[in-house]
Each structure stands twice: as C-alpha cells, then as structure tokens.
Amino acid sequence: MKTDLLIGNEWRAAGKRYCLTNPATEEPLAEVAEAGEAEIDAAVQAARACLDSKEWRDLPARKRGALLFRLADLLEQRSKELADVETKNNGKPLFESKIDVAMAIETVRYYAGWADKLTGDTLPVSGNFFTYTLREPVGVVGAIVPWNFPLNLATWKVAPALAAGCTVVLKPAHETPLTALLLGELAVEAGLPAGALNVVPGPGATAGAALVRHPLVDKIAFTGSTEVGQWIMREAAGTVKRVTLELGGKSPNIIFADADLAAAVRGAQAGIFYGKGEVCAAGSRLLVERAVHDQVVEQLAERAKKLTPGDPFDKNTRLGAIVSKRQQDTVLSYIAAGKEEGARLVAGGNPAKVNGKGFYVEATVFDGAKPGMKIVDEEIFGPVLSVLTFENEDEGVRLANRSMYGLAAGIWTKDIQRAHRVARAIKAGTVWVNTYNFYDPAAPFGGYKFSGFGRDLGKEALDNYTETKTVWIGL
Ligand code: NAD
C-alpha cells in the first residue's frame with residue numbers, strides 16, 4: 001500500500017511521517033507521510049500546472065468521462081481491499097465499508113456520465129445580439145474531507161470536480177488517509193494526467209489550513225465540523241475563494257402515533273447506530289408523539305441492548321469501534337453530561353472493549369431529553385440517541401426545527417398529507433419519509449442553517465465546480 005504523498009502522479013516522501021492506529025485493536029496500522037506547508041504548495045503547483053496544460057485543458061469532455069469510468073472500474077476491481085482498509089482505519093463494520101465502497105464506485109460512474117453533458121444556454125436578450133453561456137471549470141479545487149466516510153466523501157468531491165474539468169488537491173482526514181491514497185493510486189493507473197488528482201494527508205491545522213490559504217487554489221470543497229467550516233469561510237475571504245461547506249447536524253427523526261411502529265423503531269435504530277452514530281445526518285434526536293412514546297422507547301431500548309459492539313470483521317457485527325480514543329472520550333463526556341442534566345439512561349452508556357481492546361461505546365439511549373440539554377442541542381457524533389416527546393404535529397415540527405443545524409430529518413407516518421406537510425415545514429436539506437439514511441449519487445445532499453451550504457451529489461454538485469461565462473456576439 002502506498003503511504004507517501006501523491007503529487008503530480010509521483011509518490012513523494014515528506015519530512016515527517018506519522019503512525020495510524022487500528023481503533024478496533026489499538027495496534028499500529030500504518031505509517032504515513034505527513035504534508036506540511038511545502039508539500040501542500042507542491043501539490044497545488046502540480047494541480048495548477050495540470051489545469052493550464054493542453055493535455056488536460058484540451059482533453060475532450062467525453063475522454064475526461066472515459067478516464068473516470070476507468071477509475072470506477074479499477075475501484076471495483078480493488079473493492080475488497082478498499083473495504084478491508086476502510087474498516088481497519090475507521091473501525092466501522094466490514095458490511096458498512098462494502099456499502100461505502102459500492103457508493104464511491106457509483107458516484108464516480110455517475111459523474112463520469114456527466115462529463116460530456118455540461119452545457120450552457122442560449123439567451124433571449126433584447127437587441128441585436130447572439131448571447132450564450134459557457135460552463136468552465138472553476139480551477140484548482142482543495143477538497144477537505146472528514147474521517148467518517150473517508151473514501152465515499154472523497155469521491156463526492158473528486159468525481160464532480162474532475163468531470164467538470166477541474167484539478168484537485170485532496171486532503172483526507174489526518175486519522176483516515178489510507179483509502180484516499182488508494183484512490184490516488186488508481187487514478188494514476190486509470191491514466192489521469194500528472195497533477196489532476198493529488199492526495200496529501202496531514203493535520204487540518206497545518207496541511208488543511210495551508211490549502212485554504214493558498215492563493216492558487218480557486219475553491220475549497222469542505223466536509224467536516226461547523227467550527228472548522230466557519231474558520232474556512234472567514235479565511236477564504238482573503239483570496240475570495242469559492243467555498244462549499246457540508247457541516248454538522250443534529251437531525252430529528254420524528255415518529256407520529258399513526259406510524260408503522262415496528263418500521264419506525266427499526267428506522268430510529270438504524271438512524272442513530274449505523275456508522276456508530278459518526279454520521280453527519282444521524283437521526284440523533286428522536287421525537288416521539290406522546291401516545292406511542294412508552295411503546296417506542298421500550299422497543300428501542302430492547303434493541304439497543306442487543307446491539308453489542310463487536311469485531312468489525314465479524315460478519316454479524318452491527319456496531320464497530322469509535323474512530324479514535326479522542327472521539328471515544330468526546331462521546332463519553334456527552335453521556336456524562338446527559339446523566340448530569342437529568343436525562344434518563346435506558347440503554348448503554350458505557351465504554352466497551354472487544355477481546356480486551358478497542359475504542360468502543362455501547363449503543364446508548366436517553367429518554368426524557370429536553371431542549372437546552374447538551375445531548376439535545378449539540379452534535380455528539382457517536383452512538384447516543386436522545387428521545388424527546390411531543391403532543392401534536394405543530395409541536396413536533398417546532399421541536400424538529402429548534403436546532404442550529406438543518407442537515408436531514410426523518411418522518412414516520414401513514415398519513416400521506418401529513419408526510420408532505422411536515423416535509424415542507426422542516427428546515428433541512430434532506431427529508432426521509434418512512435425510511436432513513438439513504439443516499440444516491442443522483443440525489444443532492446447538503447445543509448440548511450449551520451449545516452452549511454452548497455450541495456454534494458446530484459447535478460447540483462456540478463455547480464460547485466463550474467463558473468458561468470456569458471458571451472455576447474454583436475450581430
Ligand atoms: P473536522 O472539521 O475536525 O475535520 C474535517 C476535515 O477538516 C479534516 O480533514 C481535518 O483535517 C480538516 N481540518 C481541520 N481543521 C482545519 C483547518 N483549520 N483548516 C483546514 N482544514 C481543517 O471534522 P471531523 O471531526 O473530521 O468530522 C466530523 C464532522 O464532520 C462532524 O461535524 C460531521 O457532522 C461533519 N460531517 C458532515 C457531513 C456532511 O455532509 N454535512 C458529512 C460527514 C461529516
């Protein structure tokens with residue numbers, strides 16, 4: 001496996017290297033080169049040179065698409081290895097990594113298909129003119145992604161950017177660079193020209209910040225915490241960079257009394273415990289209509305108690321290891337806060353080990369949670385669910401929208417009119433009705449409010465990577 005930096009299609013050593021730990025076993029996993037300011041500069045220069053080269057600039061759009069189709073095929077050929085590496089690096093169960101890899105492949109194929117379909121318009125202006133728009137690549141893209149879906153979220157940015165004719169410097173999360181490096185290796189093998197995709201692992205505060213500040217980067221595509229997103233937005237003002245931000249969430253999953261309760265409880269469980277709750281769209285606030293509250297909480301607590309943490313490589317495991325000791329500590333500090341603030345613990349609440357090792361946390365459910373509590377207002381990013389009660393639809397909607405975030409929401413009801421009414425009333429970028437946590441490359445995804453702006457996926461994501469140029473021809 002490559003562990004150096006990918007810059008201009010060459011593997012380069014860096015002055016520094018750092019050690020990764022497998023969070024499920026606490027054993028050393030790999031030693032990886034760490035990009036500093038000089039390496040980020042080299043990667044940006046390589047991306048810039050590629051952007052300005054005839055080889056990339058004049059490549060017919062369909063051929064750009066063909067390179068991406070080839071990359072998708074190579075990802076598919078190496079999918080088993082990619083899933084294994086993702087699980088070792090992130091701690092998520094292998095079945096989840098396989099889903100991630102499959103989505104990454106689909107995402108690359110989806111945008112490969114878009115490469116030769118990006119068109120402008122002819123415009124009905126007044127006067128004797130022929131006026132039209134061109135869509136041009138925005139330039140060098142700095143893609144910065146987090147550790148929860150390392151490969152998948154990288155492709156959400158890299159694929160549309162390359163399809164649009166941009167070049168990319170990808171900075172994976174410090175904790176999880178391995179599948180991003182493999183993506184880079186396969187991009188070289190697919191025949192992407194030198195500098196089209198550069199992969200530079202490193203800490204956010206140094207490598208990430210250098211990318212954000214670099215004057216030759218035209219756009220930052222960021223997924224991560226709201227706090228870092230705010231910093232990037234401020235910092236990007238200095239060079240008037242285009243910025244899109246996919247940030248945190250505290251998504252409401254709302255169960256109405258008329259719902260199919262068995263399905264709703266399963267959806268509530270998957271909504272928070274899939275991905276160990278390290279999911280930006282996790283349904284971490286469960287809002288339950290009072291009439292069915294006791295039933296729902298009882299069933300959910302029972303299910304959560306059975307969902308014991310396990311070896312991520314065991315095919316029966318549905319709850320893996322938290323990504324790092326640091327994140328485990330954060331999650332446990334929220335559990336302590338929930339207890340102190342008076343919420344009632346009905347399942348889990350403890351750290352765990354598997355075979356005596358690993359940074360696990362039990363599937364945890366708090367009942368009697370109230371707005372104002374930290375476990376209700378703040379993103380925990382772990383397997384911790386806060387259950388709140390509401391009396392009627394109005395109150396349910398009010399509670400759902402009572403959050404600084406607006407990334408996603410779930411609605412469980414058999415009443416079709418209510419489903420549409422509530423879907424409209426919720427301030428969030430994605431609303432799932434009678435389902436939760438589904439994604440597709442064709443479906444745009446992103447936030448309202450402090451969950452950010454801009455959309456990944458769908459045809460909307462291509463807007464992030466293109467400029468519109470208007471051309472007037474005097475007749
Ligand atoms: P984070 O913000 O700490 O880090 C995200 C990325 O930014 C990493 O690559 C990190 O190295 C980098 N970074 C950190 N400081 C930086 C700086 N000053 N300049 C430039 N880059 C910097 O977030 P995290 O803890 O890795 O990920 C968890 C967060 O990501 C959660 O808040 C979660 O909700 C969010 N997230 C959002 C989405 C979405 O689509 N909205 C998806 C997944 C995760």
Side-chain angles (χ1 to χ4, degrees), residues 44-45 47-69 107-143 156-169 192-193 195-197 212 214-222 232-233 235-246 424 429 440-448 452-475:
V44 173
Q45 300 287 353
R48 193 85 225 168
C50 179
L51 186 79
D52 295 336
S53 71
K54 282 177 90 53
E55 189 186 4
W56 184 244
R57 201 185 50 210
D58 295 346
L59 189 69
R62 193 155 306 142
K63 291 210 166 144
R64 252 187 357 248
L67 289 174
L68 287 171
F69 278 122
T107 301
V108 175
R109 286 216 173 100
Y110 175 81
Y111 287 108
W114 265 109
D116 61 356
K117 295 169 194 70
L118 279 171
T119 55
D121 293 311
T122 53
L123 307 171
V125 298
S126 300
N128 210 12
F129 303 104
F130 172 53
T131 306
Y132 61 92
T133 54
L134 294 172
R135 285 179 82 184
E136 299 185 339
V138 74
V140 174
V141 174
W156 287 19
K157 303 195 186 305
V158 168
L162 292 174
C166 297
T167 57
V168 182
V169 177
L192 266 102
L197 175 62
V212 172
H214 203 294
L216 294 181
V217 173
D218 299 287
K219 188 221 155 60
I220 294 289
F222 174 76
I232 287 176
M233 210 171 153
E235 200 62 25
T239 45
V240 196
K241 277 190 182 59
R242 285 88 184 107
V243 173
T244 41
L245 303 174
E246 300 286 346
R424 279 191 191 189
D440 189 280
F445 182 79
Y448 281 30
F453 52 85
R455 292 291 176 269
D456 276 329
L457 303 181
K459 64 179 187 311
E460 283 78 357
L462 293 156
D463 295 341
N464 302 339
Y465 303 105
T466 51
E467 294 275 19
T468 299
K469 178 181 280 174
T470 308
V471 182
W472 293 72
I473 310 284
L475 299 175

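The chain is numbered in sequence order, starting from 1.
A donor-acceptor pair under 3.5 Å is absent between the side-chain atoms of Asp121 and the main chain of Leu123, judged by distance alone. The closest donor-acceptor contact from the side chain of Arg57 to the backbone of Asp52 lies under 3.5 Å. Arg455 places a side-chain N or O within 3.5 Å of a backbone atom of Gly447 that can act as its donor or acceptor partner.
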Could you give me the CA-CA distance, side-chain angles and deciding distance for Leu162 and Tyr465, then say whether side chain to side chain contact (heavy atoms under 4.5 Å, CB included) is met? CA-CA 9 Å; Leu162 292 174; Tyr465 303 105; over 6 Å; no
Exercise. Would Leu216 and Gln45 count as a side chain to side chain contact (heavy atoms under 4.5 Å, CB included) if you check the C-alpha gap in whole Å, the side-chain angles of each, and the deciding distance to 0.1 Å?
Worked result: CA-CA 8 Å; Leu216 294 181; Gln45 300 287 353; 3.7 Å; yes
Q: Starting from the C-alpha separation in whole Å, work towards a yes-or-no answer on side chain to side chain contact (heavy atoms under 4.5 Å, CB included) for Arg242 and Val141.
A: CA-CA 9 Å; Arg242 285 88 184 107; Val141 174; over 6 Å; no
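Closest non-hydrogen pair, Asp116 versus Arg62, comes out as OD2-NE, 2.7 Å. Here the closest non-hydrogen pair linking Gly195 and Thr167 is O-CB, 3.8 Å. The shortest non-hydrogen separation linking Ala196 to Cys50 is N-SG, 3.6 Å. Taking both residues in full, the closest heavy atoms of Ala159 and Leu68 are given as O-CD1, 3.9 Å, listed atom of the first, atom of the second, then distance. When all heavy atoms of Gly139 and Cys166 are compared, the pair lying nearest together is O-CB, 3.2 Å.
Using a 4.5 Å heavy-atom cutoff, the side chains of Asp440 and Leu457 are not in contact. No side-chain heavy atom of Val243 sits under 4.5 Å from any side-chain heavy atom of Phe222. Residues Arg48 and Asp218 meet the side-chain proximity criterion, which asks for heavy atoms closer than 4.5 Å. Considering only heavy atoms from C-beta on, Lys219 comes within 4.5 Å of Asn464 through its side chain. The closest side-chain heavy-atom distance from Thr239 to His214 is not below 4.5 Å. Residues Val158 and Tyr111 fail the side-chain proximity criterion, which asks for heavy atoms closer than 4.5 Å. No side-chain heavy atom of Val169 sits less than 4.5 Å from a side-chain heavy atom of Val217. Looking at heavy atoms from C-beta onward, Ile220 lies out of side-chain contact with Glu235 at the 4.5 angstrom threshold.
Atom NZ of Lys117 sits in a crowded spot, with more than 12 heavy atoms from other residues, nucleotides or ligands closer than 6.0 Å.
Atom OG1 of Thr468 is separated from atom CD of Glu136 by 9.0 Å, given to the nearest 0.5 angstrom. To the nearest 0.5 Å, atoms CG (Asp456) and OG1 (Thr107) are separated by 9.5 Å. The CG atom of Asp463 sits 9.0 Å away from atom CG of Leu118, with the distance rounded to the nearest 0.5 Å. Interatomic distance, Trp472 CH2 to Thr131 OG1, rounded to the nearest 0.5 Å: 4.5 Å. Rounded to the nearest 0.5 angstrom, Thr244 OG1 and Glu246 CD are separated by 7.0 Å.
Ring geometry for Trp114 against Tyr110 counts as perpendicular: the plane angle is over 60°, on a 0 to 90° scale with 30° as the lower cut.
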